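Scroll down for the structure; my scribbles are underneath it.
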Amino acid sequence: MRLSQLFGKTLRQPPAEAETASHRLLVQAGLVAQVAAGIYAFMPLAWKVLRRIEDIVRQEMDAAGGQEVHLPALHPLEMWQASGRDQTMKDVLFRLQDKRGREFVLGPTHEEVITELFRRFVRSYRDLPLLVYQIQTKFRDEPRPRGGLIRLREFTMKDLYSFDVDWEGLDVSYQKMFRAYQNVFRRCGVPTVPVLADAGAMGGRDTHEFIFPTDIGEDSCLFCPGCGYAANAEVATFQKAPAHADEQPRPMAEVHTPGVATIPALAEFLGVPTTRTCKAVFYTADDRPVLVAIRGDMEVNETKLRRALGAIDLRYMGEEEVARHGFVPGSASAVGLQGVTVVADDLVPRERNLVAGANRPDFHLLNVNYGRDWQADVVADIALAQGGHPCPQCGTPLEMRRGIEMGQIFKLGTYYSEKLGAVFLDRDGKQRPAVMGCYGIGIERLLAAVVEANHDDNGIVWPPELAPYQVHLVALSLDRGEVREAAEDLYRRLWETGIEALYDDREETPGVKFKDADLLGMPLRVTVSPRTLEQGAVELKPRRDAGTELVPISGAVEEVRRRLEGLSAGG
RNA sequence: CGGGGUGUAGCUCAGCCUGGUAGAGCACCUGGUUUGGGGCCAGGAGGUCGCCGGUUCAAAUCCGGCCACCCCGACCA
């Protein structure tokens with residue numbers, strides 16, 4: 001490819017809206033262009049990289065026994081009504097009608113369609129296990145697209161669905177995918193860590209997310225340096241030890257606390273640790289008010305809370321709304337309170353003599369004891385694990401890090417197969433629902449992560465296996481006939497040898513060309529100039545190293561090939 | 001949807017407070033010069049100042065409404 005002809009130009013200055021390195025570099029390099037919020041166009045170089053990523057994914061899925069299919073993006077609404085996800089996912093569904101008024105959704109994922117196909121074609125346990133995947137565009141009307149390619153509304157996803165006769169079979173499929181995912185991310189040069197995760201709207205049990213640790217990540221995860229425990233903060237647990245369990249319950253007493261409305265203020269006012277307090281946090285769960293009681297030094301984990309309540313919609317209640325319900329923000333507790341569902345973190349009932357709100361402005365209660373003074377409708381672990389909390393397995397203090405979810409693997413079980421009739425006849429002639437798993441990877445997000453993990457101050461540093469071209473051929477002083485001739489000849493011979501080369505044949509100054517070469521990030525730069533030709537040589541420079549080296553022009557193609565092999569093998 | 005911010009040339013931004021001819025750098029075109037890290041000179045092209053309405057003799061500028069985009073929170077690959 002000749003740079004003079006390439007569709008897409010590098011920018012001197014990155015666009016103002018780009019905050020993450022990957023977003024900035026991809027836009028500045030002219031690889032991607034935003035069309036609308038969360039909707040991007042991919043220019044030729046980016047498209048080549050995306051296809052290479054897809055190829056890696058495809059190879060690993062095939063190696064694990066997957067069969068690729070192509071599924072529609074338009075789904076009849078009825079399919080989504082059948083699974084119930086027209087409701088549980090309604091906020092992200094793009095919906096439309098055909099001219100007869102029939103309703104469709106733009107597929108945000110494909111469990112419904114694939115399960116329907118299973119129903120039509122699979123009858124017997126002899127057809128199982130079955131691993132089917134697709135690499136296709138998915139549409140989700142995300143509440144907030146962000147971070148360039150990190151969170152899109154239209155994006156490509158590799159989705160594999162596994163169907164097994166039983167849970168043991170699913171375990172095998174799950175493990176295959178687990179390994180395949182590790183292979184994919186390793187080959188793409190993106191370090192990832194598998195962590196325990198929440199199954200969310202997908203239903204199902206075990207699930208792992210593959211997290212790329214980075215400060216720009218949207219997820220928080222907890223890692224144990226002692227035993228390797230790793231979990232998304234949404235589901236992470238920790239050892240909760242009561243601080244005052246050995247005390248005898250004392251008589252409850254009201255105390256005047258003028259202007260004290262927060263836990264830190266309360267603890268300071270009374271001269272007690274925050275572990276002595278019980279915090280009340282209000283939520284609205286599917287339109288009913290909920291009071292959450294949790295020890296004052298902890299935060300509420302909304303994912304756990306939603307799960308404990310079996311709620312679909314959960315939102316934090318603002319102060320005005322709390323007051324509107326007749327509760328007293330800043331001095332609330334479950335003691336003597338009516339008309340609200342009470343959820344207690346499972347640590348609270350084990351504590352004695354806590355300080356809690358009196359449900360009267362400027363008053364709190366001392367020595368509040370669970371069971372004697374109040375009861376909860378639900379007692380569950382709803383505390384948010386944070387850095388420093390003891391590991392649930394070994395007690396070592398956990399470390400919290402942010403990260404981007406690169407992929408997630410789920411054990412779905414029989415949720416969809418039962419709802420949508422994906423059944424087969426087992427060995428005994430008995431009809432059973434297939435035990436399903438699903439396994440997704442966001443392709444554009446992976447591209448963003450590749451750049452995020454492989455760049456320096458000057459630009460992108462493509463891993464060789466993903467680079468759009470292997471060689472960036474730079475010719476300086478093209479007005480000199482001998483340079484043009486040598487460069488053109490080298491360019492032709494590289495391609496004849498099967499080495500993909502990008503050729504900067506533009507009439508630009510050396511500085512411009514070198515800057516662009518660094519920004520665009522091909523693994524090996526080859527420079528031809530009057531200076532090198534004087535010595536009958538060309539200059540080689542691997543993108544990821546600082547040093548340059550002259551090699552004789554006669555053996556240049558061979559040498560380039562050797563270097564590229566070295567770069568790939570070097571990983 | 002709540003909170004914060006920004007919309008002026010392809011990109012980065014000034015001008016707005018204090019109303020009166022729309023600007024700079026980079027990019028682009030022409031010519032010249034230069035040639036190992038975004039060089040220099042001269043000339044040129046390019047803008048419904050996000051949209052609608054209001055105030056005014058006059059609106060990029062003041063007022064109102066709307067829209068888009070970005071960032072922080074509730075969702076997810």
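Since the model is a prediction, treat every value here as computed from it, not as a measurement. Here is the naming used below: chain letters follow the sequence lines, and residue numbers restart at 1 for every chain. What's counted below: heavy atoms across the whole structure, side chains too, no hydrogens, waters or symmetry copies.
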Taking the minimum atom-to-atom distance to the side chain of [X], which one of [options] wins?
{"X": "A:Thr532", "options": "B:rG36, B:rG73, B:rG38", "result": "B:rG36"}
{"X": "A:Arg146", "options": "B:rU12, B:rG73, B:rC76", "result": "B:rG73"}
{"X": "A:Arg144", "options": "B:rC76, B:rC71, B:rG38", "result": "B:rC71"}
{"X": "A:Arg525", "options": "B:rG37, B:rC70, B:rC76", "result": "B:rG37"}
{"X": "A:Gln13", "options": "B:rA77, B:rC11, B:rG38", "result": "B:rC11"}
{"X": "A:Gln34", "options": "B:rC76, B:rC71, B:rC69", "result": "B:rC69"}
{"X": "A:Arg531", "options": "B:rG36, B:rG38, B:rG37", "result": "B:rG36"}
{"X": "A:Arg12", "options": "B:rA77, B:rG39, B:rC71", "result": "B:rG39"}
{"X": "A:Gln408", "options": "B:rG73, B:rG36, B:rA77", "result": "B:rA77"}
{"X": "A:Ala16", "options": "B:rU12, B:rG36, B:rG38", "result": "B:rU12"}

Taking the nucleotide of RNA chain B with the nearest heavy atom to each, does A:Ala36 or A:Leu152 sit closer to the 5' end?
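It is A:Ala36 whose nearest nucleotide is closer to the 5' end.
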RNA chain B: 5'-proximal contact among A:Ala37 and A:Glu209 (nearest heavy atom)
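The answer here is A:Ala37.
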pi-stack flag for A:Phe514 and B:rG38, centroid dist under 5.5 Å, interplanar under 30°
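No; by the centre-distance and plane-angle rule, A:Phe514 does not count as stacking on B:rG38.
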Atom [atom1] of [X] and atom [atom2] of [N]: how far apart are they, to the nearest Å?
{"X": "A:Glu507", "N": "B:rG38", "atom1": "CD", "atom2": "C1'", "answer": "17 Å"}
{"X": "A:Met177", "N": "B:rA77", "atom1": "CE", "atom2": "C1'", "answer": "16 Å"}
{"X": "A:Glu111", "N": "B:rC76", "atom1": "CD", "atom2": "P", "answer": "12 Å"}
{"X": "A:Arg315", "N": "B:rG3", "atom1": "CZ", "atom2": "C1'", "answer": "16 Å"}
{"X": "A:Leu478", "N": "B:rU34", "atom1": "CG", "atom2": "C1'", "answer": "15 Å"}
{"X": "A:Glu19", "N": "B:rU12", "atom1": "CD", "atom2": "P", "answer": "13 Å"}

Please check if the distance between the ring centroids of A:His75 and A:Phe104 is under 6.0 Å.
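Centroid distance A:His75-A:Phe104: not below 6.0 Å, so no.
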Pair assignment for [N], Watson-Crick or G-U wobble, requiring both distances under 3.5 Å:
{"N": "B:rC57", "result": "B:rG20"}
{"N": "B:rG31", "result": "B:rC41"}
{"N": "B:rG73", "result": "B:rC1"}
{"N": "B:rC66", "result": "B:rG50"}
{"N": "B:rA14", "result": "none"}

Would you mind classifying the nucleic acid contact of [X] as base, sugar-phosphate or nothing, using non-hydrogen atoms under 4.0 angstrom?
{"X": "A:Pro14", "value": "sugar-phosphate"}
{"X": "A:Asp516", "value": "base"}
{"X": "A:Glu302", "value": "sugar-phosphate"}
{"X": "A:Gly148", "value": "nothing"}
{"X": "A:Pro15", "value": "sugar-phosphate"}
{"X": "A:Ile443", "value": "nothing"}

Tell me whether the side-chain N or O atoms of A:Thr509 pair up with the base of B:rG38 as donor and acceptor below 3.5 Å, since no angle test is needed here.
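It does not, because no donor-acceptor pair links the side chain of A:Thr509 to the base of B:rG38 below 3.5 Å.
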Is the shortest side-chain N to carboxylate O distance from A:Glu465 to A:Arg187 below 4.0 Å?
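A:Arg187 and A:Glu465: salt-bridged.
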Is any NZ, NE, NH1 or NH2 atom of the basic residue among A:Lys304 and A:Asp198 found under 4.0 Å from an Asp or Glu carboxylate oxygen of the other?
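Salt bridge: no.
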CA sep, side-chain torsions, deciding dist, call: A:Glu218, A:Arg445, salt bridge (Lys or Arg N to Asp or Glu O under 4.0 Å):
CA-CA 12 Å; A:Glu218 337 173 71; A:Arg445 178 179 289 185; 3.8 Å; yes
Less than 6.0 angstrom from the centroid, inside 45 degrees of the normal: does A:Lys48 satisfy that with respect to the ring of A:Tyr469?
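Pair A:Lys48/A:Tyr469 counts as cation-pi.
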Ring-face cation of A:Arg401 near A:Phe223 (centre distance under 6.0 Å, axis angle within 45°)
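Yes, A:Arg401 sits over the ring of A:Phe223.
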Treating A:Thr284 as the side-chain partner and A:Asp287 as the backbone partner, does any N or O pair qualify as donor plus acceptor under 3.5 Å?
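No, the answer is negative, given that no donor and acceptor are paired below the 3.5 Å cut-off.
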